[in-house]
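Here the structure is laid out as structure tokens; the discussion comes afterwards.
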Protein chains: 2
Amino acid sequence: MRASRYLIATLKENPSDAEIISHQLMLRAGMIRKLAAGLYTWLPLGLRVLRKVERIVREEMDRSGAQEVLMPAVQPAELWQESGRWQQYGGELLRLKDRHDRDFCFGPTHEEVITDLIRNELKSYKELPANFYQIQTKFRDERRPRFGVMRAREFLMKDAYSFHVSGESLDETYEVMHRTYCAIFDRLGLDYRPVVADSGAIGGNASHEFHVLASSGEDEIAFSTDSDYAANIEKAEALAPAGDRPAPSEAMTEIATPGQTTIAAIAEFLKVPAEKTVKTLLVKADAPEGEEAGLVALILRGDHTLNDIKAENLEGVAEPLTMATDEGIRRATGCAPGSIGPVNLSVPMIVDRTAAHLADFVCGANKEGYHLTGVNWERDVPLGRVEDLRNVVEGDPSPDGKGTLEIRRGIEVGHIFKLGNKYSKAMGATVLDEHGKSAVLEMGCYGIGVSRIVAAAIEQNHDDRGIIWPEAIAPFEVAIVTLNGHKSPAVQEAGEKLYAQLTEAGFDVLLDDRNERPGVKFADLELMGLPHRVVVSDRGLGAGTLEYKGRQDADKQDLAVDNVLDFLLAASPRHRS
Amino acid sequence: MRASRYLIATLKENPSDAEIISHQLMLRAGMIRKLAAGLYTWLPLGLRVLRKVERIVREEMDRSGAQEVLMPAVQPAELWQESGRWQQYGGELLRLKDRHDRDFCFGPTHEEVITDLIRNELKSYKELPANFYQIQTKFRDERRPRFGVMRAREFLMKDAYSFHVSGESLDETYEVMHRTYCAIFDRLGLDYRPVVADSGAIGGNASHEFHVLASSGEDEIAFSTDSDYAANIEKAEALAPAGDRPAPSEAMTEIATPGQTTIAAIAEFLKVPAEKTVKTLLVKADAPEGEEAGLVALILRGDHTLNDIKAENLEGVAEPLTMATDEGIRRATGCAPGSIGPVNLSVPMIVDRTAAHLADFVCGANKEGYHLTGVNWERDVPLGRVEDLRNVVEGDPSPDGKGTLEIRRGIEVGHIFKLGNKYSKAMGATVLDEHGKSAVLEMGCYGIGVSRIVAAAIEQNHDDRGIIWPEAIAPFEVAIVTLNGHKSPAVQEAGEKLYAQLTEAGFDVLLDDRNERPGVKFADLELMGLPHRVVVSDRGLGAGTLEYKGRQDADKQDLAVDNVLDFLLAASPRHRS
């Protein structure tokens, strides 16, 4: 492509309404433009990236044995009424009426449409398993669209749906999809983690999210230093510390702590680390319908945070998790909040695994303005029920027993999910099994945010000069910059010759033949993030060289004109054989 | 692809609601399924064809220098209000409201969005000309969607928009697009015609439609036997016959023709061909506002038909064309309809070019129940104004002077159009021209109905057994059929080996390894329209042969196993070097 005939729409200034770096850089590099809230036009440069991502996703889905289909974007309400989602789905579902006043929606996903197709087309277990996917524009009417294509209303998605006569078959396809997603993100050249997304308690690996790691990510991910284990921090299991609980060595002592009601204050006041304290959180207990709910105490180490989801999933704890009021705490314990503790507590307790491992700890004395030191489980207070209550922290042992946990932020770009029979049951999608009996289908669904990947790749790969594309999805792999090509036929000719040579060799090349100053061209190309830059100048040609600089290189280097192709072939992963 | 792992969804019966052959065959071959009126899911087999069409369109658009973009499907009403189309567009525009009650539409075209983009991005004539295209799902809320994907509500379209500072530049890009469209339809392997779509009177070649010829087409196209000339029959110019008008040879005679009021009846009654008669049609004349409109007589040869569009475009004729009432005719001529003629007619006349060339003709006598024979222009009645009034017929001379016209039916699959400044003016899209002055942009637009092409290709290429795909867009080029592969390891192995060999050579191959009877497989493959079929059987392998049959061949032939690849390479246009 010649830059002189291409829409190079770079911007010098950061657009004021772009909050995150990928949004800023996509606007500044001329990849996208906003049409309306959450609606973006992909300019030629941006679309090249989107199409490369799309192609990699398609090729790997095809390789996995999934079959590509294309379902309508506009879906009749009847199907959504059958599944129940017409009522359940909130304002994010863009509902519309056609000219005959019939109800439709602009599909955010296609479970209903594919289930309707399958119940009509497939009759026998012999036709299963089957996995169908599409790459399609979806619409989600976000209340507050933002962050550019990261959270747009209209977006490009790969969604796949698999059908099975047994859970075992679903498990197999789920594994194939897990491997396929890894292959996709490997090829994209991104640093990512497949993350366990559902609580282990519900049934193992029924759902994984795929996160691109980036410090700007919305989610916190805990992953092992030594294994593939990774989980959303809310879902990661906090193991009990290794070994036995240390033996008591101090006597339990009551100490006046006037006005000290927080862990930080107590630790400071008593000169003990927060790790030697426990905190006691009172929440509503689960109560039979009609009866008034009592309270239950959740005991954690002072420096740990409660994991709400783990807590509310526990038997005996009300869901959703509801903290007790100050008044409720007083009524139940006879003490003000800030001095509550497990010793002689008048409500049932659940103790976190790590808190249960403490010896000689500090806690509230259940007497306003007093705390206890040197407290020990069993000696001073019965331990009772122990559970996993807390969020993991860096350094925790990995739940799979291998290594310790690191915590990084991530951007969710894919999700694989065992749906079970939620849709097939509601919509009557059955086939005859091998015994000739009607069997409700098992389903899996597998999504990838194709347009979101583009933004996530930038969040992970940029510097203060612009985007740094992984080569597989760079809009162009190589930029050839002609300096003063308008005045120098030799430069012009050498640039054209190299352009032809590299294009012939299979590179995506941008020939920057614009009549602009070198600094303008270099800044544009760095902003646009092209991996390789070759400069053609009269001075270089005089010495038989071209100047090369990789996007991440600190220094330029001169290459003999005849060596440029071989150099690039060696430098470029896609072209290395 | 292995058929055993592929959704082969052929149907034996014709679906009752499919009126046209392409719709029937697309359903029966398992290419599409209906979701709701005008909304179709593309099954894997159909989508393969759609993607091949899409790829050819994309490659040729790229080659033309057009730049691909992707605009949102959902468009804000504000832009349509700026252009005026929010009010003008009828029920086909799918209007919708988002969760904040703001007005949007699901775009049927994108003139407003691209014009908005361009007015913001381009500032100087130096950035022009520029041509942007996208391949995107569009929505047109047809009142009565039918004919499957031929007239669906949701459809895949390639739309392109070019921008220019001068009409000359627009003309150049228009010509490039004309050539590009020809290249696209050539590569698709379709018999098509670019057709002049606007009246020559308005300004030459401001619009062309591209029609795929098929007897089921909705439009009639006249095209030259000897040149590229082609026009919608409504737009084709009817030339005056060559040579001078023959000299009179009969005397004008009045003849009683009681009860004979149609051309057919008069011709039969007087034993003259209809070609020797003229008919006189009375229509409303154009009148200054406020004045009552008189009538004007349009004189045509008896066997010709009036072209309404040509007539109403004439000065002096009311637009829209309005036939006179019987009462109006009596009042203006003093005679009942059925006996009107040019001689002594009391209203102004416009004579068709061919009628003006007649001698010794028959016409009404302006006296009920009487006609005149042997009438001659100038001798018996002044000729006055002569115009092109009629529809062309087969055998007419081509308007470009080369050959004669043939008439065939066509399906419109593409349209290129000089928009001028309709949108750029309404929306203020200007750049600075070379003199530093603000210039309103000239625009062209260029559409291709990508999904419609699939249906049109079938309308043109089918027989009573199913579809006959042009090789470039066949879902698979070659089918390998294994007979009893489940029982014969030799057949299975030979089939797999050939499959690997042909796939390696670049063919799209379907290996029909299903456990079905040969007749079922053959019927499916013929219905699906695959160009080449190779059968692997124990009997053939015993003789070292495979059985080959082209989709359009009358007979099968045996090929030596080792010759199959070379045979297919020679037989397949895409693979012939």
Side-chain angles (χ1 to χ4, degrees), chain A residues 1 5-7 9 30 33 35-37 39-44 46-48 50-51 65 67-76 78-79 90-92 94-100 102 104 106 113-114 116-117 120-122 126-127 130 132 134 136-137 139 141-143 152-154 156 515, chain B residues 1 5-7 9 30 33 35-37 39-44 46-48 50-51 65 67-76 78-79 90-92 94-100 102 104 106 113-114 116-117 120-122 126-127 130 132 134 136-137 139 141-143 152-154 156 515:
Chain A
M1 187 62 64
R5 302 181 200 164
Y6 197 71
L7 183 63
R33 285 297 180 265
L35 174 63
L39 300 176
Y40 290 87
T41 292
W42 290 79
L43 301 184
L47 188 60
R48 286 184 75 93
L50 188 68
R51 292 274 185 243
Q67 301 180 51
E68 189 176 2
V69 297
L70 182 60
M71 294 177 264
V74 173
Q75 307 179 12
E78 286 77 8
L79 290 180
E92 289 187 7
L94 184 64
R95 295 169 169 87
L96 50 96
K97 285 178 185 290
D98 75 358
R99 66 191 294 163
H100 302 296
R102 284 183 295 238
F104 290 85
F106 194 138
V113 177
I114 192 76
D116 177 58
L117 180 76
N120 292 327
E121 297 300 324
L122 300 190
K126 291 180 191 167
E127 299 168 274
F132 298 94
Q134 58 178 355
Q136 189 196 38
T137 298
F139 201 96
D141 201 359
E142 300 273 354
R143 178 182 295 278
R153 295 201 286 178
E154 200 175 309
L156 192 64
N515 189 9
Chain B
M1 188 60 66
R5 302 182 201 163
Y6 198 69
L7 182 62
R33 286 295 182 265
L35 174 63
L39 301 176
Y40 291 87
T41 292
W42 290 80
L43 301 183
L47 187 61
R48 286 184 74 93
L50 188 69
R51 293 276 184 240
Q67 300 181 52
E68 189 174 2
V69 297
L70 182 60
M71 294 178 264
V74 173
Q75 308 179 12
E78 287 77 8
L79 289 179
E92 288 185 8
L94 184 65
R95 295 169 168 86
L96 50 95
K97 285 177 186 293
D98 74 358
R99 65 191 295 164
H100 302 295
R102 286 184 296 240
F104 290 84
F106 193 138
V113 177
I114 191 77
D116 177 58
L117 179 77
N120 292 328
E121 296 301 321
L122 300 190
K126 291 179 191 166
E127 299 169 274
F132 298 95
Q134 58 178 353
Q136 188 195 40
T137 297
F139 201 96
D141 201 0
E142 300 273 354
R143 179 182 295 279
R153 295 200 285 178
E154 199 175 311
L156 191 65
N515 188 11

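Everything numeric here is computed off the predicted structure, so don't read it as measured data. Proteins get letters first, then strands, A, B, ... in listed order; numbering begins at 1 in each.
The contact between B/L39 and chain A is made by backbone and side chain atoms together, counting heavy-atom distances below 4.5 Å. At a 4.5 Å heavy-atom cutoff, the contact between A/F132 and chain B is made by side-chain atoms alone. When heavy atoms are compared at a cutoff of 4.5 Å, B/E68 approaches chain A by way of both its backbone and its side chain. Heavy-atom distances place no part of B/E127 under 4.5 Å from chain A, backbone and side chain included. Proximity to chain A is absent for every atom of B/I114, based on heavy atoms less than 4.5 angstrom apart. Contacts between B/F139 and chain A at a heavy-atom distance below 4.5 Å involve the side chain alone, from C-beta outward. At a 4.5 Å heavy-atom cutoff, the contact between B/R143 and chain A is made by backbone and side-chain atoms alike.
Annotation: ring-ring contact (aromatic ring centres under 6.0 Å, His included) contacts of B/Y40 (sequence neighbours excluded): B/H23. Every residue meeting the side chain to side chain donor-acceptor pair (under 3.5 Å) condition with B/R33, not counting sequence neighbours, appears here in chain and number order: A/E121.
Interface check for chain B: of the options A/A73, A/A36, A/A9, A/A130, the most heavy-atom pairs under 4.5 Å are formed by A/A73. Ranked by non-hydrogen atom pairs under 4.5 Å with chain A, the options B/Q134, B/H100, B/R102 are led by B/H100. Most heavy-atom pairs under 4.5 Å with chain A: of the set B/L50, B/D116, B/N120, B/D98, this distinction falls to B/D98. Contact count against chain B (heavy-atom pairs under 4.5 Å) is highest for A/L7 among A/L122, A/L7, A/T137. Most heavy-atom pairs under 4.5 Å with chain A, from the set B/L96, B/L156, B/V69, B/D141: that is B/D141. When the candidates B/E78, B/R51, B/K97 are compared by the number of heavy-atom contacts under 4.5 Å with chain A, B/R51 comes out ahead.
Under the side-chain contact (heavy atoms from CB on, under 4.5 Å) test applied with B/L35, the options A/L79, A/V74, A/L117 reduce to a single match, A/L79.
Residues B/R5 and A/Q67 approach most closely at O-NE2, 3.1 Å, considering heavy atoms.
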Is there a side-chain contact (heavy atoms from CB on, under 4.5 Å) between B/T41 and A/L70? Walk through the geometry before answering.
CA-CA 6 Å; B/T41 292; A/L70 182 60; over 6 Å; no
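Between the CE atom in B/M71 and the CG atom in A/L43 there is a gap of 10.0 Å [rounded to 0.5 Å].
By the 4.5 Å heavy-atom criterion applied to side chains, B/E142 and A/R99 are not counted as neighbours.
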